[in-house]
Q: 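Below is a structure I'd like to ask you about.
These numbers come from a predicted model, not from an experiment. Numbers restart at 1 for each chain; the letters A, B, ... are given by sequence-line order, proteins then strands. Below, all heavy atoms of this structure are taken into account, side chains as well, without hydrogens, waters or symmetry copies.
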Amino acid sequence: MTSTLKGITLKGSAELVAEFFSFGINSILYQRGIYPPETFTRVTHYDLSLLLTTDPKLKSYLTNVVSQLKEWLFECTVQKLVLVITCLETNEVLERWQFDIECDKSAKESSAPREKSIKTIQHEIRSVIRQITATVTFLPLLETPCAFDLLVYTDKDLVVPDKWEESGPQTIDQPEEVRLHSFTTSIHKVNSMVAYKKTESA
Amino acid sequence: MDLEDDTTILTTLKSFNSFISRPEHPQRLSEHSAGSGILQSQYKRSMELLEAAERVHSKNRYLQLDQEKKQMELSHKRARFELERAASDSARDLEHEVDRNQELLGQIKKLEERAEEVNKKLTEQKEANDALQKNLEGLNKTLEERDDKLGTANQTIRSLKDEIRELRQKIQNQDSKMSAQTLENQELQEKIDLQQRKYQEVSQLCQSLQAAQSSCSDHIIKIKELERRLVFQEQDFAIVKTVKSEVARVPDLEKELKRLRDDNAYLRESRENCSLLKEEVEGLRKKLERMEKTKEELINMELEKEVKVVCTHLYANCSVLCLVCRKPEDLSREVIQIQQREIALKEQNYTLNSRVRSVERSQSELRAELTQQHSKTLEEQKKREAQDALVRRLQKRVLLLTKERDGMRAILESYDSELAPTEYSPQLSKRLREAEDILLKTQSHNAEMEVCLQAIIFFVSQAELELESLKKQQASALLNSVCACIFFLRQKIEDLERERQRLEEQNNILEMRLERHNLQGDYDPVKTRVLHLKMNPTAIAKQERQQEVEALRQEVTRLRDLVRSLQSGGAVGHSQDDTHNPSFSLSLAPSKEVLDLRKQMESSELRNQRLKEVFQRKIQEFRTVCYVLTGYQIDITTENQYRLTSVYAEHMDDSLLFKKGSNGSMQLMETEFSKTLGEMVALHLHHQKSIPAFLSAVTLDLFSRQTTV
């Protein structure tokens, strides 16, 4: 556990970022109503009360993606993680949650841990997750049945693993963009933002 | 009769035996009381009685038998009489029955013949029926096969129609997709065009930037070199300034020298004074000491006096009481006091010694300072000599600098004229070598000049004056030229910097656009790749949705078929199902049975129709065969009326009408044609009573008429 050590190693940073993504994705799915609220259960993490899904298929999908993401974070080959929400009837992209990842590649060569306290990192993560919850106030309602997908932007020379395939960027036409807080573990920096389709009344 | 006789005999025997047995009992009783002689007489009597009884009995019986015989004979006679009657009756009956038998036999024969005929007909018809049934079966099989084939064909047709529908829908979907994709392609192409234009513009800008950057870098290099030269010149200027300042310092140094010399003299005087003062100090110290000693002695003496006075007073007062004890105390006190005095004196000695040492130290320090100042003066003298030498060297350097500046001017002029980067560096290296050569030469010249120092001191001042004038001129000239070059270069630099800023602004704008696109999710396909899991929730949801849609479509088609079948079934049984119509729309289970029943009905109706067709065909065939073979077409006009028309009939209306009677016999009805055949009718029907003969005669007659005609 990185909490017992004084510094952050590359592996510890990758684990922290992957853990943040796992909780963040669950919060987004709950807040946007992609899955019914009764399929979520409360857990405590980062000194916050967070919601995790109990749907076994969704759980296994998320663990697959997050474990692969952890590997890529350790190799510093991942550039972005995007959560895309599409309307099932019209196959349009309604929302796009984009997490830009900047990796300090010098941490790969030197194995010395960097000094940054876990508490400050958790404080920063807490602010990001609180902002995600607060986005409900201005994001438009998702009235039609929707499904989500997770896209990972990686380096071109990466070997594509089994069960993964290339896809398009799935961008929104004329989106409204809102930048959220970012957090850094001194090895990985994660910038968050959400883009959504403008509603026709606006 | 014999039996009756036997029975009477048996009955008589029985009665006799019973009679015998009765008297025996009393006899047996009497035998016990009486003796054997009585018994024997009784026995004899009994035996005689018995015999008599038997005779009577037999006579009676004989009579009875005779009577019975007579009766029997009478009865016999009666019976015979009756029997004879019965026999006669039976004979008559027999005769009747024989007649009947014969009649019946005849009938039976006829019937048998008929039966044979009928059997033959039956067999023929059975054979015909078998043949027909086989044909029917064959036809049924063929029909069934055709039905199966039709059914399979219908199913295939339905499936094909469904497939056609699905294919049409798919085609429509694909058309729509194609159109959407063409639109997207167009849009993407437009975007690609726009981006290609942008890329070209950006590439042009980049190229211009690169050219500007290369030119900027060249200019920067040139500027740096110029700056280096400027720095060198500035260093030289600084050196000149330092030399100037040092030269300016020389009078100050001289003044300081003078001051130092005065200080030296002053210090020597002070030293002498110090020594004198020291001697005075020593004398004074000694005096002090003596004075202090004397003072202390005085004080001590006074104290002792007082003490002694006190003691003497005390002694005088208390001499009687304690003489012995105070003396040692006084002595001790005196001793202590003396000791204290000694200590005080020692302390004074120590302090005086320390003062002496400090003074000696100060003396030594002053001596050291004197020596230092002596050395300083010597050093200053040396410095002055060195400065004199430096001045001479500077003069020589100035000469060299003038020469170097001339060379630099030439270089700058050549730089201004040429400005070719490829030729620049070798020129620079050449010039560097030239400068180095010049430096070496000057150094050698310096060494020569240093040898001739003493001879040129006289010209220092003049040279300095000349130097100053020359410097001013050269500095002004150099400065003008260098300033002009610098001004020109600075203008160029400003222009390049403006261009660079402009290009940087454009770069910033492009980078902003790129960042915006990156924010929106665009990426550089050369460097990045977008990945996602194949089995992701969106794909799974789309698949499920498609499956739902297909299932719904299938349900819709099934329901439409149900509705159509219900509507068709409802039209058939509309009168019966009026009350049940609403229930059909609601409940599906009974409709299935109804559908099954309707299907069965339809199938049975189809079968009936097919059988009807087959029967009709068969009947038609049979009729044609009959027509062909017999030569007559037999039509049923009304009930039990048959019209026969011949093949060889001369007119269409020539026909014979036969009517079936109630007893089954066929009778010819009168028609116009039959009137013409009166002879044949009379011959064949009335006389021969054979309709086939008549018919055949008619055909022959008609045939003969036809052939002859």
Q: Measuring heavy-atom distances to chain B, does Leu150(A) have an atom under 4.5 Å in its side chain, in its backbone, in both, or in neither?
A: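 Only the backbone of Leu150(A) comes within 4.5 Å of chain B.
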Q: What is the minimum heavy-atom distance between Lys156(A) and Thr528(B), and which atoms define it?
A: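 Nearest heavy atoms, Lys156(A) then Thr528(B): CD-O, 3.8 Å.
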Q: Any side-chain to backbone donor/acceptor pair from Thr538(B) onto Phe148(A)? Under 3.5 Å, distance only.
A: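 It does hold such a pair.
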Q: Count the heavy atoms belonging to other residues, nucleotides or ligands that lie under 6.0 Å from NZ of Lys191(B), then report whether that count exceeds 12.
A: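 Atom NZ in Lys191(B) is not crowded, with 12 or fewer foreign heavy atoms closer than 6.0 Å.
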Q: Please name the pair of heavy atoms, one in Trp164(A) and one in Lys534(B), separated by the smallest distance, quoted to 0.1 Å.
A: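 Smallest heavy-atom distance, with atoms named: O-CE, 3.8 Å.
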Q: Heavy-atom pairs under 4.5 Å with chain A: which of Asn536(B), Val530(B), Val526(B) has the most?
A: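 Highest number of pairs under 4.5 Å: Val530(B).
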Q: Rounded to the nearest 0.5 Å, how far apart are CG of Leu88(A) and CD of Glu548(B)?
A: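 Rounded to the nearest 0.5 Å, the CG-CD separation comes to 9.5 Å.
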Q: Given the options Ser167(A), Ala147(A), Pro169(A), which has more heavy-atom pairs under 4.5 Å with chain B than any of the others?
A: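 Of Ser167(A), Ala147(A), Pro169(A), Ser167(A) has the most heavy-atom pairs under 4.5 Å with chain B.
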Q: Nearest heavy-atom pair of Glu89(A) and Arg545(B): which atoms, and what distance?
A: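 Where Glu89(A) meets Arg545(B) most closely, the heavy atoms are CG-NH2, 3.0 Å.
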Q: Identify which of Leu151(A), Thr171(A), Thr154(A) forms the greatest number of heavy-atom pairs closer than 4.5 Å to chain B.
A: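 Result: the option with the highest number of such pairs is Thr154(A).
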Q: Answer yes or no: are there more than 12 heavy-atom neighbours, outside Asn173(B) itself, under 6.0 Å from its atom CG?
A: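 Enclosed: over 12 neighbouring heavy atoms sit under 6.0 Å from CG of Asn173(B).
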Q: What I'd like to find out is whether the side chain of Gln68(A) reaches to under 4.5 Å of the side chain of Leu533(B), using heavy atoms alone.
A: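 A side-chain contact under 4.5 Å is absent here.
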Q: Check the pair Glu166(A), Leu531(B) against side chain to side chain contact (heavy atoms under 4.5 Å, CB included), reporting the backbone distance first and the verdict last.
A: CA-CA 5 Å; Glu166(A) 273 209 55; Leu531(B) 295 174; 4.0 Å; yes
Q: What part of Glu165(A) is in contact with chain B, defined as an atom under 4.5 angstrom from a non-hydrogen atom: side chain, backbone, both or neither?
A: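 Both parts, backbone and side chain.
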Q: What part of Val82(A) is in contact with chain B, defined as an atom under 4.5 angstrom from a non-hydrogen atom: side chain, backbone, both or neither?
A: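 Looking at Val82(A), nothing touches chain B.
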Q: Would you indicate whether Gln174(A), at its atom CD, is surrounded by more than 12 heavy atoms from other residues, nucleotides or ligands within a distance under 6.0 Å?
A: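 Result for CD/Gln174(A): open.
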Q: Is it true that atom NE2 of His45(A) has more than 12 heavy atoms of other residues, nucleotides or ligands lying nearer than 6.0 Å?
A: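 Enclosed: over 12 neighbouring heavy atoms sit under 6.0 Å from NE2 of His45(A).
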Q: For the atom pair CG (Asn91(A)) and NZ (Lys542(B)), what is the distance rounded to the nearest 0.5 Å?
A: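 NZ of Lys542(B) is found 4.0 Å from CG of Asn91(A).
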